[in-house]
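What's counted below: heavy atoms across the whole structure, side chains too, no hydrogens, waters or symmetry copies.
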Amino acid sequence: MDLSQLRACTSTRRLRSIHAILISSGRIRDVFFPTTLVSLYSRLGDLRSAALSFAHTPNKNIFSFNSIIATYIHHGLPFDAGRCFRSLLLAGPRVRPDEFTFPVALKASLDLSYGKAMHSLVRKLGLGWNVFVSSSLMHMYSRFGAVRDAEKVFVEMPERDSGAWNAMVSGFCQNGMAADAVRVFSAMVAEGVRVDRVTFASVLPVCAPLDDLLLGLAIHVFAIKQGLDVELFVSNALIDMYAKMGCIEGAQQKFDDMLDRDLVSWNSIISAYEQAGKPHTALELHSEMQKSGVQPDVLTLVSLASAVAQQGNVLSGRSVHAYITRRGWDTDDIIAGNAIVDMYAKLGVVELAQRMFDKMPVRDVITWNTLLTGYSQNGLADEAIDVYETMEQSEGIRPIQGTLVSVLPAYSHLGALQKGMRIHAQAMQIGLHSDVYVGTCLIDMYAKCGRLNEAVALFEKEIPRASSGPWNAIIAGYGIHGHGKQALRIFSQMEQEMVKPDNVTFVSLLSACSHAGLVDGGQRCFHVMQTKYGIRPVVKHYACMVDLLGRAGDLDAAYGLIRTMPIEPDSAVWGALLGACRVHGNVELGALASEFLFEIDPENVGYYVLLSNMYAKTGDWDGVNDVRSLAKRRHLQKTPGWSSIEVNNKVNVFFTGNQSHPQYENICKEAVILLAKMKSLGYVPDYSFVLQDVEEDEKEHILSNHSERLAITFGLMNTAPKTSIKIFKNLRVCGDCHNATKFISRITEREITVRDSNRFHHFRDGICSCGDYW
DNA sequence: GTAGGGTTAG
């Protein structure tokens with residue numbers, strides 16, 4: 001019985017019988033045999049026999065320990081490997097870890113301090129000279145984010161082979177230092193170090209973060225020259241590189257060229273199509289993959305979850321979820337769990353997202369972000385904020401960029417300035433306040449919470465402005481505050497600074513122009529967008545244009561644009577026309593727009609209200625009743641209007657005609673006094689905003705019970721004289737209330753700001769900043 | 001008798 005006989009053994013059964021012979025012949029007492037058996041059992045996947053063989057090894061030497069440690073590592077059991085390593089340390093002075101032990105044993109380190117202890121042991125034993133040991137140390141450091149320590153090991157190595165260089169490249173890459181990774185790679189090539197497949201697999205992933213397709217192509221060519229592009233790992237990395245650079249053809253080409261593909265190849269190409277917005281192809285490739293006999297893993301399913309989310313198919317979503325659950329991945333794998341939360345959130349079924357979230361045994365910051373974003377993007381700002389505040393209470397979870405980017409819009413939406421400012425402070429603490437994405441959200445938040453000056457200051461001094469995001473935010477900010485000319489000025493500055501506008505820029509610009517009545521400016525933008533920047537208008541741009549033309553009174557042009565637009569108008573377009581008809585009293589065209597709206601978006605009560613409003617204004621009570629009964633037949637209820645005001649850090653919410661506020665009686669008394677003063681200055685109630693066919697007295701009462709009026713009166717009573725008052729209204733401010741507020745600002749010498757669902761109105765000394773144009 | 005550095009993801 002010698003080594004070659006043992007090596008030839010390819011079945012567990014045969015190996016066991018040899019094992020038995022070795023025991024009966026007594027040769028098992030030679031440490032060589034049981035140690036070899038450990039490796040052989042391990043290779044055949046028989047972990048139990050390997051462990052037994054190790055346990056029964058007499059006079060274990062370093063080979064015995066190295067074999068069993070490697071066995072556990074290769075079977076994904078770092079904990080057991082660590083246990084064996086510790087018993088090696090306790091085995092006495094005769095057996096000591098050697099240069100073969102550490103490369104494997106280091107994989108068992110669970111945290112940085114454990115790894116550092118291993119490193120000092122390496123130093124004590126004088127094993128740092130070995131390239132395998134040192135590269136493993138580098139790998140360990142990189143794994144725990146201590147890439148600088150890895151670099152130190154690298155620099156101090158007496159000699160470096162390709163493996164060491166590769167470890168340095170991937171160390172930088174895994175820690176997001178793509179530029180350094182490329183630097184090391186170039187140095188490696190320059191110094192004539194042999195590159196191998198691992199080099200290419202390590203360096204290719206840096207191209208995407210650097211957004212450098214040329215680099216990727218150059219590396220690809222270099223790999224071809226080395227004859228390494230056909231290697232499986234390299235091919236897979238190439239597929240991914242092309243996919244991430246948005247070059248789906250390149251990815252597909254590489255995939256087609258491959259002779260044999262593994263799971264990673266399939267996963268990469270599936271994810272490539274999913275991320276290219278082609279979920280259908282992704283799903284097709286998945287079935288092809290199964291036909292070719294490759295079984296999906298967690299990552300396959302993660303891509304599928306995103307694909308079905310994109311398709312908007314809840315049923316497919318549920319079946320993907322069921323598949324993941326059947327495999328037990330939903331609770332075992334945090335990424336799979338997160339993917340399910342994300343999938344349901346994107347499908348708009350936040351309840352299921354929340355249910356998955358609740359079911360997860362472990363959650364990380366991505367889990368929280370995903371749920372938070374889910375609520376935020378489904379318009380549930382309150383819930384999003386709840387999630388954020390609960391997250392803050394949970395131990396070990398610290399917000400990251402994505403967290404702030406998700407929560408800030410929720411505060412913007414609610415106009416919660418104080419809370420938004422708290423996030424600003426947190427961003428400063430974690431050094432994210434001048435991050436472009438966070439900064440853009442901060443600009444948006446300040447603008448939408450009424451602090452345009454702060455928004456401008458951030459834009460001017462704090463936030464990098466090489467990309468369109470911050471520009472779009474500040475343009476939109478000027479827009480909702482009615483400063484259309486400023487918005488246009490910023491846009492020409494943007495052109496001067498050579499920042500490329502995108503379609504969002506033009507949505508912001510057009511709506512800024514429409515709020516300010518800048519018809520010419522808006523039309524110029526609409527033109528420039530197409531001719532100079534080659535941006536084809538989407539339906540949102542048309543909605544802005546219809547709004548712009550319509551509100552300025554050119555209803556014919558607005559309707560003409562709708563009729564000639566090359567894409568199907570949606571509810572926003574017809575809604576803009578209807579709104580303009582309301583302002584300019586064109587009942588006929590308004591009724592026409594409504595017909596489309598009741599068809600396209602039958603659930604939106606706002607349109608029914610607008611139309612009945614128009615009929616009411618002309619005294620056409622039959623028309624009012626028709627619209628109302630239509631809404632009733634469709635079981636629609638008017639969205640309750642509410643206004644809120646923050647006084648002494650407490651938010652007071654008022655509903656129209658709502659009498660539940662503790663100060664309601666006093667507010668009414670105050671309102672009566674105020675109304676008398678207003679009338680003496682010439683205020684005349686505009687009853688056309690009353691939708692009920694009732695007596696005039698009653699109409700006056702209804703108007704002064706509008707939520708914004710209650711909130712303003714409450715504010716006057718509960719804040720110091722001369723201080724300004726800020727009100728938020730969920731719908732558009734009522735025309736009569738708008739007029740009334742002008743009088744109130746004059747009588748009380750107060751500055752009153754009303755943010756409605758559309759824009760800001762700043763009232764001061766009887767004038768509104770919008771110039772009564774909104 | 002044994003070893004390191006590698007590709008896909010929420």
Classify the side chain of D161(A) versus the base of dG4(B) as yes if they form a donor-acceptor pair under 3.5 Å and no if they do not.
yes
For S67(A), which contact category applies under a 4.0 Å heavy-atom criterion: base, sugar-phosphate, or nothing?
nothing
According to a cutoff of under 5.5 Å between the ring centres and under 30° between the ring planes, does F132(A) stack with the base of dG4(B)?
no
On the 0 to 90° scale, with breaks at 30° and 60°, tag the H19(A)-Y41(A) ring pair as parallel, tilted or perpendicular.
tilted
Mind telling me whether Y323(A) and W329(A) have parallel, tilted or perpendicular rings, with 30° and 60° as the class edges?
tilted
Going by heavy atoms in the side chains, are F255(A) and W266(A) under 4.5 Å from each other?
yes
Please tell me if H139(A) has a side-chain N or O lying less than 4.0 Å from either OP1 or OP2 of dG4(B).
no
So for D196(A) and dG5(B), does any side-chain atom that can act as donor or acceptor lie under 3.5 Å from a complementary atom in the base?
yes
Is there a donor N/O on one and an acceptor N/O on the other, under 3.5 Å, for the side chain of N66(A) and the base of dG1(B)?
no
Under 3.5 Å, is there a donor-acceptor pair between the side chain of N175(A) and the main chain of S142(A)?
yes
Evaluate whether the aromatic ring of F102(A) and the six-membered ring of the dA3(B) base sit under 5.5 Å apart, centre to centre, with an inclination under 30°.
no
Integer-rounded Å distance: dT7(B) P and I219(A) CD1:
14 Å
Between dG10(B), dG4(B), dA9(B), spot the one nearest the side chain of A164(A), thanks.
dG4(B)
Between the base of dG4(B) and the side chain of S136(A), is one N or O donor paired with an acceptor at under 3.5 angstrom?
no
Output yes when at least one side-chain N/O atom of K244(A) is less than 4.0 Å from OP1 or OP2 of dT7(B), else no.
no
If I take atom CD in residue E151(A) and atom P in nucleotide dG5(B), what distance separates them, rounded to the nearest angstrom?
19 Å
